[in-house]
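Values reported hereafter were calculated over all heavy atoms of this structure, with side chains retained and with hydrogens, waters and symmetry mates removed.
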Amino acid sequence: MPASAVHVLVLGGTTEARRLAESLAGDRSVRVTTSLAGRVAAPRLPPGEVRVGGFGGPEGLAAWMREHDVDALIDATHPFAAAMSRNAAEAASLAHVPLLVLRRPGWVAQDGDRWHSAGSLTEAAGLLPALGERVFLTTGRMGLAAFAGAGLDALWFLVRSVDAPEPPCPARMEVLLDRGPFGLDGERELLRRHRIDVLVTKDSGGDATAPKLTAAREAGIPVVVVRRPPVPEGVPVASTPDEAAHWVRRLHAPG
């Protein structure tokens, strides 16, 4: 790696972050470090340098970037990692490092969808008693406390996540440990086998977990969609890894 290589810190954990690292890995003018939060037991590691764990807030992230001569910061965390995105924006300002947010586009409802929008997991939980009794919960293992209230004890939940959830959890629950991408045939069979009558998901976007929406549409099942938090104000956004790689190269192109 040339001494003059541009050092890019990618806040990762998503498919897009890994693909960005892959795109930049062959460019000898760019040095990529991907940071993973460490919440998944066996993450898929991207090429390049990798660090695992938190930074200790925006001040810690800014200090790390100064210490390691970071030239650009890319927030490619999950669309719902709002706290990390806020920290990234503050840290970039403190360290005087340019920041880009890499976010896959959100999902768009199609004809036949029965979507119900919610601003939070708590709001989503409040909608469920009027929509169904057997819930397919695909919001991950974090935040299950929102569905553990006494008012939801009559509902049954199928919880799908990469790692096992920790309490508090819904009173009546079955856990399915699995990692996407998921196919349409498999999602159809899952809804049928477990007699699911309502689906809850975050608007994560992307193709890896979208087939559940198609399966729900075909089955006429209502879907509670939790809206994603906004990107910090004033921060540029790329919707694909290629766009983000182009931003890196354009930002540091000579002249």
(request) Take Leu128 and Leu155 through the test side chain to side chain contact (heavy atoms under 4.5 Å, CB included) and record every step on the way to the result. (result) CA-CA 8 Å; Leu128 292 179; Leu155 307 185; 3.7 Å; yes
List the atom pairs, donor and acceptor, that lie under 3.5 Å between side-chain atoms in residues 81-90 and the rest of the protein, sequence neighbours left out.
residue	atom	partner	partner atom	Å
Ser85	OG	Asp75	OD2	2.7
Ser85	OG	Ala81	O	3.3
Ser85	OG	Arg103	NH2	2.5

Keeping the roles fixed (side chain from [X], backbone from [Y]), state whether a donor-acceptor pair exists under 3.5 Å.
X: His194; Y: Leu190; result: no
X: His7; Y: Val32; result: no
X: Asp113; Y: Trp115; result: no
X: Glu243; Y: Ser239; result: yes
X: Arg51; Y: Gly53; result: yes
X: Glu123; Y: Gly119; result: yes

(message) Before you tell me yes or no, could you show the steps for Asp27 and Arg249 under salt bridge (charged side-chain N to carboxylate O under 4.0 Å, His left out), namely the whole-Å CA-CA distance, both residues' side-chain angles and the distance that decides it to 0.1 Å?
(response) CA-CA 10 Å; Asp27 189 338; Arg249 296 181 176 113; 3.0 Å; yes
Would you name the heavy atoms of [X] and [Y] that are closest together and state the gap between them?
X: His116; Y: Leu127; result: CB-CD1, 4.2 Å
X: Leu9; Y: Ser35; result: CD1-CB, 4.2 Å
X: Ala125; Y: Pro129; result: O-CD, 3.5 Å
X: Asp71; Y: Ala5; result: OD2-O, 4.1 Å
X: Ala215; Y: Leu184; result: N-CD1, 3.8 Å
X: Ala124; Y: Val200; result: CB-CG1, 4.3 Å

(message) Checking Arg160 against Thr138: is there a side-chain donor and acceptor pair closer than 3.5 Å?
(response)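 No, no side-chain donor-acceptor contact under 3.5 Å.
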Is [X] linked to [Y] within one hydrophobic cluster, defined over Ile, Leu, Val, Met, Phe, Trp and Tyr using a side-chain heavy-atom separation of less than 4.5 Å?
X: Ile74; Y: Leu11; value: no
X: Trp156; Y: Phe136; value: yes
X: Phe147; Y: Val198; value: yes
X: Leu36; Y: Leu61; value: no
X: Leu191; Y: Leu213; value: yes

(message) Within a 6.0 Å radius of atom CG on Asp207, are there more than 12 heavy atoms belonging to other residues, nucleotides or ligands?
(response)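 Counting neighbours around CG of Asp207, 12 or fewer heavy atoms of other residues, nucleotides or ligands fall under 6.0 Å, so no.
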(request) Give a yes or no on this: more than 12 heavy atoms of other residues, nucleotides or ligands lie within 6.0 Å of atom CZ of Arg195. (result)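 Open: at most 12 neighbouring heavy atoms sit under 6.0 Å from CZ of Arg195.
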Heavy-atom distance under 4.5 Å between the side chains of [X] and [Y], does that happen here?
X: Thr139; Y: Thr201; answer: no
X: Val159; Y: Cys169; answer: no
X: Leu100; Y: Val235; answer: no
X: Met65; Y: Leu73; answer: yes
X: Val10; Y: Leu102; answer: no

Could you tabulate the donor-acceptor pairs under 3.5 Å formed by side-chain atoms of residues 218-230, not counting sequence neighbours?
residue	atom	partner	partner atom	Å
Glu218	OE1	Arg188	NE	2.7
Glu218	OE1	Arg188	NH2	3.4
Glu218	OE2	Arg188	NH2	2.8
Arg227	NH1	Ser117	OG	2.7
Arg228	NE	Asp203	O	3.1
Arg228	NH1	Arg104	O	2.8
Arg228	NH2	Arg104	O	3.3
Arg228	NH2	Asp203	O	3.0
Arg228	NH2	Ser204	O	3.1

(request) Go through Asp163 and Leu177 one step at a time and tell me if the side chain to side chain contact (heavy atoms under 4.5 Å, CB included) criterion holds. (result) CA-CA 6 Å; Asp163 294 316; Leu177 298 182; 5.7 Å; no
Measuring from atom [atom1] of [X] to atom [atom2] of [Y], what distance do you get when rounded to the nearest 0.5 angstrom?
X: Ser161; Y: Asp178; atom1: OG; atom2: CG; result: 9.5 Å
X: Arg134; Y: Leu199; atom1: CZ; atom2: CG; result: 14.5 Å
X: Trp247; Y: Leu20; atom1: CH2; atom2: CG; result: 10.0 Å
X: Arg18; Y: Thr34; atom1: CZ; atom2: OG1; result: 10.5 Å
X: Lys212; Y: Ile196; atom1: NZ; atom2: CD1; result: 12.5 Å
X: Phe157; Y: Met173; atom1: CZ; atom2: CE; result: 10.0 Å

(message) Check the orientation of His78 and Phe80. Use parallel for under 30°, tilted for 30 to 60°, and perpendicular for over 60°.
(response)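 Answer is tilted, since the angle falls between 30° and 60°.
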(request) With side chain to side chain contact (heavy atoms under 4.5 Å, CB included) as the test, would you mind laying out the steps for Leu176 and Leu158 before giving the verdict? (result) CA-CA 7 Å; Leu176 176 61; Leu158 176 64; 4.2 Å; yes
(request) Decide, yes or no, whether a salt bridge links Glu133 with Arg172 under the criterion of side-chain N to carboxylate O below 4.0 Å. (result)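 No, Glu133 and Arg172 are not salt-bridged.
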(request) May I ask you to say whether Glu16 pairs ionically with Arg19, meaning some side-chain N is under 4.0 Å from a carboxylate O? (result)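 Judged by the 4.0 Å cut-off on N to carboxylate O distance, Glu16 and Arg19 do not form a salt bridge.
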(message) I'd like to check the salt bridge (charged side-chain N to carboxylate O under 4.0 Å, His left out) partners of Asp242; sequence neighbours left out, ordered by chain and number.
(response)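 Not a single residue meets the salt bridge (charged side-chain N to carboxylate O under 4.0 Å, His left out) criterion with Asp242.
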(request) Dump the intermediate steps for side chain to side chain contact (heavy atoms under 4.5 Å, CB included) on Thr33 and Val50, then the final yes or no. (result) CA-CA 6 Å; Thr33 299; Val50 177; over 6 Å; no
